[in-house]
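Atoms considered below: every heavy atom in the structure, side chains included; atoms not considered: hydrogens, waters and symmetry mates. This one's a predicted model, so the numbers in the text were calculated from it and none came from an experiment. Numbered from 1 within each chain, the chains take letters A, B, ... in sequence-line order.
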2 protein chains.
Amino acid sequence: MHAKYNLLKQHFEEIVSLTNEEWDFIQSHFEYKSLKKHQFLIQTGQSVDFEYWIINGLVKAYSIDDKGKEHILQFAMENYWVSDHYAFQHQEPGTIFVDCLEDSEFFCLSLENREKICLEVPAVANFFRIKSNHGYINLQQRILSLLTMTAESRYEYLLNKLPKLIQRVPKKLIASYLGVSRETLSRFNS
Amino acid sequence: MHAKYNLLKQHFEEIVSLTNEEWDFIQSHFEYKSLKKHQFLIQTGQSVDFEYWIINGLVKAYSIDDKGKEHILQFAMENYWVSDHYAFQHQEPGTIFVDCLEDSEFFCLSLENREKICLEVPAVANFFRIKSNHGYINLQQRILSLLTMTAESRYEYLLNKLPKLIQRVPKKLIASYLGVSRETLSRFNS
DNA sequence: AGCTAAAAGTGACCTAAATCACTTTTCCAT
DNA sequence: ATGGAAAAGTGATTTAGGTCACTTTTAGCT
């Protein structure tokens with residue numbers, strides 16, 4: 001477990017620097033969790049008590065429409081943060097599902113603990129500020145890609161940006177992420 | 001100008017509390033700017049020196065594709081923040097345009113000053129952290145709406161969510177924001 | 001008020017992608 | 001290794017929305 005906490009520490013220290021005391025304090029506010037493939041991290045209607053940092057593994061965050069169709073909001077793997085941010089932030093029941101595409105391990109941070117370490121250790125507030133900002137920028141890029149690009153060029157763009165992801169994820173899920181039917185995706189390229 | 005700075009102070013204090021000394025320090029890191037309708041705040045290829053808080057007015061942030069078509073990333077009005085966040089953060093040339101749909105006034109914050117006030121005043125880091133997080137959540141909602149809803153229901157949703165905005169913005173720009181042609185938008189509803 | 005330009009509406013036609021139905025391939029679990 | 005399920009591929013058909021061309025309405029000027 002020490003080694004795993006060290007990965008998280010490295011993750012913070014890519015952005016901000018921390019003293020050993022600060023790190024010990026921060027670390028003590030995380031919980032460990034482990035799930036197998038197909039298990040749920042978050043389900044609609046249930047409380048969302050944590051934000052999760054992924055130690056290793058792969059999850060998908062998605063919502064299901066009235067026709068039962070799945071729409072993928074995000075794939076998240078090692079080093080990513082994932083949650084139902086809306087529900088977590090507002091402490092409301094979940095609006096999306098998050099489940100594991102591979103066996104996965106997480107460090108879990110509650111809202112209360114997040115606010116606590118942000119207020120106690122300014123570097124943590126800065127860390128999350130910068131992380132959120134990067135996340136915001138990424139989503140803006142994705143929106144632009146949805147507005148400006150055809151499904152096929154979104155696919156090429158993704159192949160280029162996250163080639164490793166494509167290896168690990170069935171194409172029908174990639175299709176759902178891109179906002180295209182699996183049949184159409186299957187007719188692209190190659 | 002005092003009164004306008006006060007609006008900004010109120011904006012901060014919706015999220016965090018600040019002492020008078022802290023506020024004076026923060027305030028001194030903003031510059032004032034005023035633009036007329038049709039003037040540009042940000043242009044592609046030019047450096048993006050600031051993040052802007054809108055005192056009053058209305059702007060659109062958009063990119064132009066290879067066919068010369070405009071795609072609207074964001075409308076921003078009083079109390080909103082706007083910039084080319086990517087270019088600003090990475091100090092690279094702008095990738096989008098931002099121009100005024102109405103005469104507008106801004107408080108401008110440089111990257112250097114932002115980092116300075118975030119490091120000096122932890123409440124500011126927390127303010128931007130929370131703001132970014134809200135922004136992230138909003139963009140996730142928009143992505144979901146692009147993935148799951150028809151153009152028509154996206155329009156209804158927007159009408160419902162930001163009725164005032166529709167009043168102030170030509171429908172062809174709303175169409176561009178929704179990712180639909182203006183002819184198609186015109187055929188919706190009533 | 002009157003002129004111009006931008007915005008909005010509308011019809012006809014076209015196309016990218018969805019949907020449906022079915023086959024083939026790949027991946028696991030026993 | 002093998003049987004069953006999930007994933008992927010493919011053809012036929014449908015459809016939402018795009019594009020083009022034109023008219024009507026509205027909003028700003030001077």
Side-chain angles (χ1 to χ4, degrees), chain A residues 36-39 57-60 62 64-72 75 97 99-103 143-159 163 165-190, chain B residues 35-39 57-60 62 64-72 75 97 99-104 143-159 163 165-190:
Chain A
K36 298 274 171 206
K37 188 170 173 173
H38 295 132
Q39 290 187 312
L58 177 61
V59 305
K60 64 175 199 273
Y62 59 102
I64 293 190
D65 68 22
D66 30 309
K67 273 150 201 143
K69 215 169 102 183
E70 192 175 300
H71 301 274
I72 294 188
F75 293 109
F97 295 93
D99 69 29
C100 299
L101 298 173
E102 300 174 1
D103 296 353
I143 286 173
L144 265 188
S145 79
L146 286 168
L147 291 178
T148 64
M149 297 161 90
T150 64
E152 184 158 14
S153 47
R154 288 204 296 281
Y155 182 49
E156 280 161 18
Y157 177 75
L158 186 68
L159 274 177
L165 184 73
I166 318 288
Q167 256 46 54
R168 291 165 72 177
V169 174
K171 285 225 180 86
K172 67 166 189 171
L173 296 183
I174 301 290
S176 159
Y177 176 86
L178 293 172
V180 79
S181 72
R182 61 158 204 91
E183 294 92 334
T184 298
L185 184 72
S186 161
R187 281 183 249 263
F188 289 158
N189 87 289
S190 26
Chain B
L35 288 178
K36 297 275 172 205
K37 189 170 171 172
H38 295 132
Q39 290 186 312
L58 177 61
V59 305
K60 65 175 199 274
Y62 58 102
I64 293 189
D65 68 22
D66 30 308
K67 272 150 200 143
K69 215 169 102 181
E70 193 175 301
H71 301 273
I72 295 189
F75 294 109
F97 294 93
D99 69 29
C100 298
L101 297 173
E102 300 173 2
D103 296 353
S104 306
I143 286 172
L144 264 189
S145 79
L146 286 168
L147 291 178
T148 65
M149 297 161 90
T150 64
E152 184 158 14
S153 48
R154 288 203 296 280
Y155 182 49
E156 280 160 18
Y157 177 76
L158 187 67
L159 275 175
L165 183 74
I166 317 289
Q167 256 46 54
R168 291 164 74 177
V169 174
K171 285 227 181 82
K172 66 166 188 171
L173 296 183
I174 301 290
S176 158
Y177 176 85
L178 294 172
V180 77
S181 72
R182 60 160 207 89
E183 292 93 333
T184 298
L185 184 72
S186 162
R187 280 183 251 260
F188 289 158
N189 87 287
S190 30

What is the minimum heavy-atom distance between A/His71 and A/Ser176, and which atoms define it?
CA-OG, 3.5 Å

Would you indicate what B/Glu183 reaches in the nucleic acid, counting non-hydrogen atoms under 4.0 angstrom: base, sugar-phosphate, or nothing?
base

Across the strands shown, which category fits A/Lys67 at heavy-atom distances under 4.0 angstrom: base, sugar-phosphate, nothing?
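Nothing: the residue A/Lys67, judged by heavy atoms under 4.0 Å, touches no strand.
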
So among B/Arg182, B/Lys60, B/Lys172, which one has a salt bridge (Lys or Arg N to Asp or Glu O under 4.0 Å) with B/Glu70?
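Of B/Arg182, B/Lys60, B/Lys172, salt bridge (Lys or Arg N to Asp or Glu O under 4.0 Å) with B/Glu70 is met by B/Lys60 alone.
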
Taking atom [atom2] of [N] as reference, at what distance in whole Å does atom [atom1] of [X] sit?
X        : N      : atom1 : atom2 : value
A/Leu173 : C/dT26 : CG    : P     : 19 Å
A/Glu152 : C/dA18 : CD    : P     : 12 Å
B/Leu185 : C/dG9  : CG    : C1'   : 11 Å
B/Lys172 : C/dA5  : NZ    : C1'   : 11 Å
A/Lys171 : C/dT26 : NZ    : P     : 11 Å
B/Phe188 : D/dG17 : CZ    : P     : 6 Å

Spell out yes or no: do the side chain of B/Arg187 and the base of C/dG11 have one donor N/O and one acceptor N/O closer than 3.5 Å?
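In this structure, the two groups form a donor-acceptor pair.
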
Judged by atom type as modelled, is there a donor-acceptor pair below 3.5 Å linking the side chain of A/Asp103 to the main-chain atoms of A/Lys37?
yes

Has the side chain of B/Arg154 got a donor or acceptor atom that lies under 3.5 Å from a matching backbone atom of B/Met149?
yes

Consider the side chain of [X], meaning its heavy atoms from C-beta on, and name the nucleotide among [options] that approaches it most closely.
X        : options               : result
B/Pro170 : C/dA7, D/dT10, C/dT10 : C/dA7
A/Lys37  : C/dC28, D/dG9, C/dA7  : C/dC28
A/Thr184 : C/dG9, D/dA8, C/dA18  : C/dA18

